[in-house]
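Have a look at the structure below, then the notes.
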Amino acid sequence: MERKINVGIIGSGWMGCTHARAYLNVQQVYGCEIIPVLKTIADVNEEAAKAAKAKYGFGNWTTRWEDIVEDPEIQLVVVATPNIYHIEQAISAAEHGKAVFCEKPFGMNVTEVKKGLSAIKKADVTSMIGFVYINNPILQYARQLVQSGELGEVISFNGEFNMDHAVDPEAPHVWRHYSKVSGALGDTATHVFSISDYLIGEDQIDEVCGIASILYEKRRNPKNKEEMLPVENDDQVDVIFKYKNGAHGNITSSRVAPGNKVGERFEIQMTKGTIRFDQERMSELQVYRHNDPVAEQGFKTILQNPQHGEFGYFYPQTGLGVGYMDLMTIQAHKMLKAAAEGEKVKPDAESGYYITVLTDAILKSISEHRWVKVDECR
């Protein structure tokens, strides 16, 4: 039976428009069971809103995000604005009975996120937080490997998310550099923690210890190149941690790492083997099985194929790797299906809460120069 879900997107920047493309792709990839209808796009920039309406076929545009959450015909709200606006818009959408998709971070601290989680639970609406990378079909296969026990018990998780967009000292000051907004920890490291949650288990990290630094303390104001503005959050963060089962972990994240474009990588070392992944080679998984014959031991490259997760919806042939927009389309379909059926879907608002608790614990560790129990920040 064909069902239609009216979608409103708040924010028409790159992320908001990427969501629009993803929702347009859903019907072509998954068929007509659930059809998203792009009803309204909101942006404080009138010209940007008008352009997004014309390009993606929205029914309406507005400069007031409140118009979207207040519209009784809209069933699903996508929050794709700068970080500091997420929680207010997500709460308002929930209070108006809408299913809520919120780009990460869900909120800027645990206090905010608790309010958001409470609003979503009270309204009993479907929610999802935008940790998009876990939708990669090859990671769906990695999850099966980890959780099946085939490779034994987890010994350690080693992850990174390094980029180089801010390594140039002449790169201008942007909104991402203000203290109210997440630095490398909240912006990119959280993606790696979400992968740990997905592969190893949600809310399994017990204790953290972190350090952070700023490479260039000031950057040029793009509106006045003679003025230097302070950089108020971290360019680089390093975290070591312990899981509740005794396994170890470490994650590094940087926006000043030359040569790294989307350098999201991880290695899970287990008692019977190891898994490696590199987002810049996102259609491959490296797997080592320690019980292979000695003459054949070594990492083997597994190519994405129709037996991995939702890959088969896109391509019938091994070697035709998926891309970032495909991950966004998988995410959009998951959200639509859950919203249509009134079901829970991961990663949801509760997942966003766990990640925020973890982030606050790391910030506390950095500030106080000590190991911090994650439970201290709940």
Side-chain angles (χ1 to χ4, degrees), residues 104 128-162 188-205 241 243-245 247-253 262-292 297-315 317-331 333-334 345-348 351 354-355 358:
K104 61 86 197 162
M128 180 183 276
I129 308 299
F131 293 111
V132 65
Y133 295 103
I134 68 166
N135 294 294
N136 190 333
I138 205 74
L139 293 196
Q140 294 170 350
Y141 171 64
R143 186 172 189 265
Q144 291 174 14
L145 282 179
V146 172
Q147 304 214 345
S148 71
E150 177 187 342
L151 298 180
E153 302 296 322
V154 174
I155 300 171
S156 67
F157 177 96
N158 309 295
E160 63 183 73
F161 200 148
N162 294 325
T188 49
T190 51
H191 274 299
V192 190
F193 282 113
S194 77
I195 289 174
S196 166
D197 280 357
Y198 179 67
L199 298 179
I200 296 174
E202 194 169 74
D203 194 25
Q204 292 302 306
I205 295 174
F241 54 92
Y243 290 98
K244 292 174 182 177
N245 66 359
H248 292 187
N250 67 81
I251 287 176
T252 183
S253 187
V262 185
E264 182 181 46
R265 307 176 182 95
F266 68 81
E267 179 173 298
I268 305 177
Q269 297 167 358
M270 306 179 70
T271 53
K272 297 180 181 178
T274 295
I275 299 171
R276 288 177 180 167
F277 173 78
D278 183 343
Q279 173 63 28
E280 292 179 356
R281 302 182 67 89
M282 64 181 289
S283 294
E284 302 176 359
L285 192 72
Q286 304 291 319
V287 180
Y288 171 78
R289 291 177 170 85
H290 197 61
N291 59 1
D292 281 350
Q297 284 188 349
F299 281 90
K300 295 177 175 62
T301 300
I302 310 297
L303 299 178
Q304 280 184 347
N305 67 67
Q307 294 187 43
H308 297 152
E310 299 187 58
F311 181 94
Y313 284 102
F314 296 86
Y315 307 108
Q317 175 64 45
T318 300
L320 296 172
V322 301
Y324 180 80
M325 273 308 305
D326 298 321
L327 306 192
M328 291 292 293
T329 302
I330 293 170
Q331 178 178 256
H333 178 253
K334 284 168 62 177
V345 63
K346 288 290 186 178
D348 60 3
S351 307
Y354 292 140
I355 294 288
L358 186 59

Y288 OH: over 12 foreign heavy atoms closer than 6.0 Å: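 Check passes, neighbour count above 12.
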
So which atom in [X] and which in [Y] form the shortest heavy-atom distance, rounded to 0.1 Å?
X    : Y    : value
K346 : M128 : O-CE, 4.1 Å
L285 : A142 : CD2-CB, 3.9 Å
Q286 : T301 : NE2-OG1, 2.9 Å

Ignoring hydrogens and angles, tell me if any N or O in the side chain of [X] forms a donor-acceptor pair with the backbone of [Y] under 3.5 Å.
X    : Y    : answer
T318 : N305 : no
Q297 : H290 : yes
E280 : V262 : yes
N136 : Y133 : no

Nearest-0.5 Å distance, CE of residue M270 to CD of residue E153: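 The CD atom of E153 is 7.0 Å from CE of M270, to the nearest 0.5 Å.
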
Residues which pass side-chain contact (heavy atoms from CB on, under 4.5 Å) with N162, listed by chain and number, not counting sequence neighbours: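 Applying side-chain contact (heavy atoms from CB on, under 4.5 Å) to N162 gives E160, T252, S254, A257, N260.
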
Pairing residues for K272 by the salt bridge (charged side-chain N to carboxylate O under 4.0 Å, His left out) criterion, not counting sequence neighbours: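 With neighbours one apart ignored, the set is empty.
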
Residues in salt bridge (charged side-chain N to carboxylate O under 4.0 Å, His left out) contact with K104, at least two apart in sequence or another chain: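 If we apply the salt bridge (charged side-chain N to carboxylate O under 4.0 Å, His left out) test to K104, skipping adjacent residues, the hits are D187.
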
Counting only pairs under 3.5 Å, give me each side-chain donor-acceptor contact of residues 191-199, with atom names and distances, residues two or more places apart or in other chains.
unit_1 : atom_1 : unit_2 : atom_2 : d
S194   : OG     : H191   : O      : 2.6
S196   : OG     : Y243   : OH     : 2.8

Can you give the donor-acceptor pairs under 3.5 Å from side chains of residues 320-331 to other protein atoms, not counting sequence neighbours?
unit_1 : atom_1 : unit_2 : atom_2 : d
D326   : OD2    : G323   : N      : 2.8
T329   : OG1    : N25    : ND2    : 3.3
T329   : OG1    : M325   : O      : 2.9

Pair Q204, E202: side-chain N/O donor-acceptor within cut-off below 3.5 Å: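 Not at all, the side chains of Q204 and E202 share no donor-acceptor pair under 3.5 Å.
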
H248: ring pair (Phe, Tyr, Trp, His ring centres under 6.0 Å) partners, not counting sequence neighbours: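 Residues passing ring pair (Phe, Tyr, Trp, His ring centres under 6.0 Å) with H248: none at all.
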
